[in-house]
Structures are given as structure tokens and as C-alpha cells.
Amino acid sequence: MTSKINARAAKSVPLANFLNSGAIVTGSTGLALWTKSLNLSSLQVGALGACSANAFGAAFGALIGGWIADRWGRQMIFRYDMLVYLLGTILIICAPNFFLLLTGFIVTGLAVGGGIPTTWTYAGESTDSHGRAHSVGITQFAWTIGPAIIYAIGGMVAPLGLIGTRILFSLLSIVAIITWRLQCQLAKITPPASGHQDAHPYRALFTNPTNLKSLLFLLGVYLFWNLVAGAMGFFMPYVYVQAGGLTNLQANALQMVLWACTGLGTYFFFAKLGDRYPYRRLFACGALGEIVAWVILTYGGMNWTCLILFILIYGLAAGLGAQQWYSLWTTELFPAKYRASAQGLSFFIVYGCSGIWSLVFPSLLKIGGLKVLGTVLILFLVISLVVGVIWTPHTQGKSLQEIIKERY
């Protein structure tokens, strides 16, 4: 009976990832529609992106959620996080003005950030040394395939305008209820808090040299990559419409294909190969592919040939993108007593920077155009590539206990 509960409850982890990415892309699908309906300025559009599940909202949620998960146990997050998510989606569905819409984005973002350190950490902790990348890859597959599903449904409800966007958020609400029920079961079988008595577990992350080096490495890889990927997750349909003159339906269709390719890349390249081939080689392949894709779009222009090449190359390469490695390496590089806290803190910094970037992203596109914006994004991807390739950790094939013993 216990094994059945374990199997059933474990489904909540990929479902939670589906909801996390779904909140980002569902907001992005309706961004142009909200802009027109509510007569939003560029600053207000930037504020929605900055306070959403794509930036500040998730950043503060992760900081709080990671600390709670290590202080009071993973089960605390599993019991309550989805209820907060549900409140946020309901606010967005019912929002008649910018203020309530922004409030809904903030609440949903807090819930997304609050759950990520726990669900991603749990995925890495619940498997052995020879299947860790596969386990993490499956949860990330759910993260990537979720947007493809959202964009597919979004295309069907696009003729309904904002009503269609509200339908999408209603679907997320229903899935959130299902996930909450499953996570309540997971809370019953998740080990309790580690019992360490540090009043401020984040303090050790800055005072221990090994922890500090790991944090700086992860930030170098994930922060610069997420400045690109985070902006794409929320603003790319907006970019297609504003810079390329595409319709909202065409923009969403492109994103659907891109995310579907990312899902395929995550499953077949990361989940299937991550435990068998060297980390450095796989990481480099993904990072180089993403750079090539953005070079094509930036300097080739937004014609259909370049657009198709972009979504295919970037989508498949992103299957080996920094987010998958970040999720894996944060589990491997830190002890269990503040593993979720480490992920929460680094996630806070990364998404906080994404929030600041989101405030200026629409204005930079408007002022500098695609070529200037794309050049900046390529630079970010190059920095992530260099850091990841030079300082790839030597953790492959080792148990978490072996890694921690070596490092500490």
C-alpha cells in the first residue's frame, strides 16, 4: 500500500513543475491582449513581467520556501504551496483592472518560487547516483512540456480573446487542486526537517568557502542564462508581435513548437544521456546551440526561415540548458541540511535580477530593436557557457553522501 502511495504522490512533482512553467507562459500568452484591453504602458507591461512567476514573485517565494523546507521540512511546502497558487490564479481570472491583475501575478509568483526549491530538491534526493540526472530530467521535462500544452490550448481559445486567457488560468486552477491533493499524500511520506538548529541557515552559505564557491558557480551559469530564457518565457510572444509583426496566434504557435522541442531535448538528451555522458560535454552542446540560434534570429532577421531555424535549434538545445544543470547541481553540491535553502537563495538572486531585467526589456526592444536586444542576449549566453565549461563539477556517478564527504 505504501508503494502505491509513493508512486501516486510522486506524480505531484512533475505536475508542480507543469504548473510553475504554466503560470509563466499563460501570463505571456495574454500579455498583448491585456495591454490592449487595459491600455497598459510599457512600464506596466514590464511590471507584470517583473512581479510574476518569472521574476520578483518567484524570487521572494524561493527565498522563503527554501528556508521553510530546510527549517520545518519538505512536507510543510507540500501541504500549503498549491493553495497559495490557487489563490493567485483566481485573482488573475477575476481581475478587472491592472492592480488586481498585478496582485494575482505576485501571489502566483510567490507560490511558484516557494515550491521550486522543495520539488527540485526532492527529485534529486529521491534517486540513486546512477539515475539522478534522469530523475531531475523527468521533472524538467514536465516543466518544458507544460508550456507546449498551454500554447496549444491557447491557440484553440485565441479567437475568444481575454476570455480564452481566463480559460487557460482556470485549467491551471483545476490542475493546482489535483496537485495539492497529491502533495498532501507526499507530505505524509517525506522525511521531517533535518533538525539543525541554525537560526539563519543562509549564514552558512556565505561563511563557508566551499558553499560560497558553489553559489558563485551556479549564479555564473544560471543567472546569465536565465536573463535570456526568463525573458523569452514571458516576453517572446510580445517580441514576435512587436518586432516581427506577427499575430498573437502566430506568436503562440511558434512558442508552442519551441517548448515542444525543448521537451524533446530534455527527455532524450538530458534525462536519457545525462547519467551516461560527461557533464561538461553535454552542457557545452546545449549552450553552443542556444548561442547559434540567437545569432541566426538577431542578424538574420525575423523572416520565416530564421524563425523556424531559431525555434528548432534553440528548442532542442535548451533541453540541455542551464536550468536542467542548475536543478541537478544544486542538489549535488550542498549538504541536505541547507540544500533547499541554497537553491532558494540562488533562485532568489537569479529571478530578482530577471525582475530588474524585465522592467527594462520592453523599453530596450522598443528603443534598440531586435538587433541590439539580441546582441545583449548572446553576450549573456556566452558568459554562461564559459563559466559552465570551465568549472563543471566532478560529481557524476557519485552518491550525494560521497560528494558531500569529498567537498566538506
Looking only at non-hydrogen atoms, find the nearest pair between [X] and [Y] and report the distance.
X	Y	result
V107	V84	CG1-O, 3.5 Å
A62	P117	O-CG, 3.8 Å
F141	G263	CD1-O, 3.1 Å
S346	Y326	OG-OH, 2.7 Å
N211	P335	OD1-CD, 4.4 Å
F78	T119	CE2-CG2, 4.1 Å

Modelled atom types, side-chain donor and acceptor of [X] and [Y], under 3.5 Å:
X	Y	value
Q324	W143	no
T395	R407	no
T89	S173	yes

Considering only distance and modelled atom types, tabulate donor-acceptor pairs under 3.5 Å from the side chains of residues 373-386, sequence neighbours left out.
residue, atom, partner, partner atom, Å
T375, OG1, Y299, OH, 2.8
T375, OG1, K371, O, 2.7
S384, OG, V221, O, 2.7

For the OH atom on Y267, are there more than 12 heavy atoms of other groups (residues, nucleotides or ligands in this structure) within a distance under 6.0 Å?
no
State, yes or no, whether a side-chain contact exists between [X] and [Y] at a heavy-atom distance under 4.5 Å.
X	Y	result
Y277	K272	no
F18	L172	yes
F269	L282	no
L86	I90	yes
F169	T108	no
F56	I106	no
M82	L19	yes
F348	F60	yes

Under the rule for ring pair (Phe, Tyr, Trp, His ring centres under 6.0 Å), what residues qualify as partners of [X], not counting sequence neighbours?
X	value
Y80	none
W34	F105
F334	none

Charged N to carboxylate O under 4.0 angstrom, E406 versus K398?
yes
In short, ring pair (Phe, Tyr, Trp, His ring centres under 6.0 Å) pairs touching residues 235-254 with sequence neighbours left out are F235-F361
Tabulate below the donor-acceptor pairs under 3.5 Å that side-chain atoms of residues 301-323 make, not counting sequence neighbours, or state none.
residue, atom, partner, partner atom, Å
N303, OD1, T305, N, 3.2
N303, OD1, C306, N, 2.9
N303, ND2, G300, O, 3.0
Q323, OE1, Y222, OH, 2.9
Q323, NE2, Q140, OE1, 3.1

Using only atom types and a distance under 3.5 Å, with no angle test, would you say the side chain of [X] pairs donor to acceptor with the backbone of [Y]?
X	Y	value
D275	A133	yes
T179	V175	yes
Q250	V241	no
W357	L227	yes
N20	G113	no

So how far is it from [X] [atom1] to [Y] [atom2], rounded to the nearest 0.5 Å?
X	Y	atom1	atom2	result
S327	R132	OG	CZ	11.5 Å
K405	S399	NZ	OG	10.0 Å
I150	I24	CD1	CD1	11.5 Å
I167	T26	CD1	OG1	12.5 Å
Q183	I178	CD	CD1	12.5 Å
L254	L246	CG	CG	6.0 Å

Using the side-chain contact (heavy atoms from CB on, under 4.5 Å) rule, take T144 and S21 through it: C-alpha gap first, then chi angles, then the decisive distance, then the call.
CA-CA 7 Å; T144 56; S21 59; over 6 Å; no
If you apply the rule side-chain contact (heavy atoms from CB on, under 4.5 Å), what do you find for L273 with F268, and how did you get there?
CA-CA 7 Å; L273 304 180; F268 288 105; over 6 Å; no
When you look at R339 and L400, which way does the side-chain contact (heavy atoms from CB on, under 4.5 Å) test go after all the steps?
CA-CA 11 Å; R339 186 171 286 141; L400 296 180; 3.9 Å; yes
For the residue pair Y279 and W325, does the interplanar ring angle fall in the parallel (under 30°), tilted (30 to 60°) or perpendicular (over 60°) class?
perpendicular
side-chain contact (heavy atoms from CB on, under 4.5 Å) evaluation trace for Y85 with W180
CA-CA 10 Å; Y85 185 100; W180 172 71; over 6 Å; no
Option passing side chain to side chain contact (heavy atoms under 4.5 Å, CB included) with S214 (candidates N208, L219, L333)
L333
Matching residue for L33 among L38, L160, L162 - test: side chain to side chain contact (heavy atoms under 4.5 Å, CB included):
L162
When Q343 is tested against each of T331, T330, T118 for side-chain hydrogen bond (donor to acceptor under 3.5 Å, both in side chains), which residue passes?
T330
